[in-house]
Amino acid sequence: MIRRPTTAHAIGSATVCGGGNAAHVLVPLMAQAGWQVRVFAPFADEAQRLRAHMTTGGGTMARFAGGRSVRGQACCISADAAEVIPGAGLILLALPAYAHGPTLAAIAPYLEEGVTIVALPARSGFDLQARATLEMGALSPTVAGLQTLPWACRVTEYGREVNVLGTKARVDLAAVPGDSAAQVVDILRPLLGVNLQPITSFLALTLANTGQLIHPGIMYGRCRGREDQTYAEEEIPLFYQGLDSFTVGLLEALSDEVQAVAGALARQLLDFDPEEVTPLYDWLLAAYPEAIEDAGSLRQAFNSNRAYAGLRLPVRAVDDGRYVVDFEARYLSEDVPHGLVVVRGIAELARVPTPTIDTVIDWAQERLGRCYLDGSGLCGPDVHRSRAPQAYGVTDLVQLCPDGGAS
Ligand code: NAD
């Protein structure tokens, strides 16, 4: 059970983990809803910097597109989990996926019975990592994840203000135990003001993670064969908009392979619903119904999506005032080991070939200096750094879904 307010005005206790864009949106939303909000921010000097603004003078302002503003403050911010985790009924991980592991390990000793932990977004394999990290005997937290972050948001003044550029029209949520997803949605939906929808399986949430297709797929489509190209500032290509036909075809092929994996799982697991894994094009139209001006094709939907306007390839400066593509950026460093590699691992368990996913992983792992795919199998030396089932010793679907009715 979540420690929820017992009356409409009672106060629940929540801790937001992270000090970035998403955390800046969550703190005012939750404080405004009457929750007592604390922040766990162990990264660099964030706790100190946040304390200066987020705990005083009304706290942080979230400015939403359309004119709505929400202000609210945290009551305590610390880099020490012992100060902000005990007593929390709800813990929200507003973090990139590579920070989930260290954060779960840091908070584990202080979790109390009945706690619910939610990752926004979960990315892929979050349930496997949580299960492995939170082996805590009698204590069994509810673990939930969102298919994506509900907002496109950017901090404009650290600790003080964040701009919410857009809110997705629908975001799916899965939980372990599976039947708690609806209850977590009941708590979070009014709190976040987002149309959250419960789905039955974390495995489906992992396959439905569209970031793992879009981000590495576009990086591959835009950058393969041009890895060393330099750009003047004004030449840095747009990321999502202006996609060429090769890249759009690649994104469609990646999505088709995920659908094939979902279909195979539905044949092998009695409780798996492939309808919970939305194809990329359908997801894009459902997530951005207002922002997309031309929904006629996947290519047009990307190119006319106002929520993607102006976002460019991730770059880093080099000596002469020019820029090169930053292959360490999250589009690969988060979405490959905590995304595409996880799907590849599940495909291997379901015995589904994934030639397009393999091509993208092969290229991306070279950019990242890692080796996940070795030859034709997911047995490279860096698999343990990913969230593929194989990293947790899972070798078949029965182990992957102990209660999933493997046939
Ligand atoms: P952010 O970069 O603003 O903040 C991330 C925070 O995570 C940091 O401030 C820090 O507190 C923590 N962190 C980062 N690296 C860490 C590390 N190595 N160890 C411990 N903590 C670390 O990120 P964000 O924009 O808030 O995004 C959070 C998640 O949401 C990411 O997965 C991102 O890909 C996803 N997302 C963001 C947006 C957006 O518009 N901001 C949109 C879609 C998805």
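Residue numbers start at 1 and run along the sequence shown. The figures that follow rest on heavy atoms only: side chains count, while hydrogens, waters and symmetry mates do not. Every number for a ligand or one of its atoms is a count from 1 in the order of the listing.
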*So which heavy atom on Ala41 is nearest to which on Ala47, and how close?*
O-CB, 3.4 Å
*For ligand 1, list the protein residues that place a heavy atom within a distance below 4.0 Å of one of its atoms, sorted by chain and number.*
Gly18, Gly19, Gly20, Asn21, Ala22, Phe43, Glu46, Leu95, Pro96, Tyr98, Ala99, Pro121, Arg123, Leu149, Trp151, Ala152, Cys153, Arg154, Arg330, Glu334
*Is the backbone of Glu328 close enough, under 3.5 Å, to the side chain of Ser333 for a donor and an acceptor to pair up by distance?*
yes
*Scan for ring-ring contact (aromatic ring centres under 6.0 Å, His included) pairs involving residues 365-399, sequence neighbours excluded, and state none if there are none.*
none
_Pairs touching residues 245-264 that satisfy side chain to side chain donor-acceptor pair (under 3.5 Å), sequence neighbours left out_ = Asp244-Thr247, Glu257-Thr356
_Just to verify, what does Tyr288 make a ring pair (Phe, Tyr, Trp, His ring centres under 6.0 Å) with, not counting sequence neighbours?_
Tyr308
_Parallel, tilted or perpendicular: ring planes of Tyr331 versus Tyr240, cut at 30 and 60 degrees_ = perpendicular
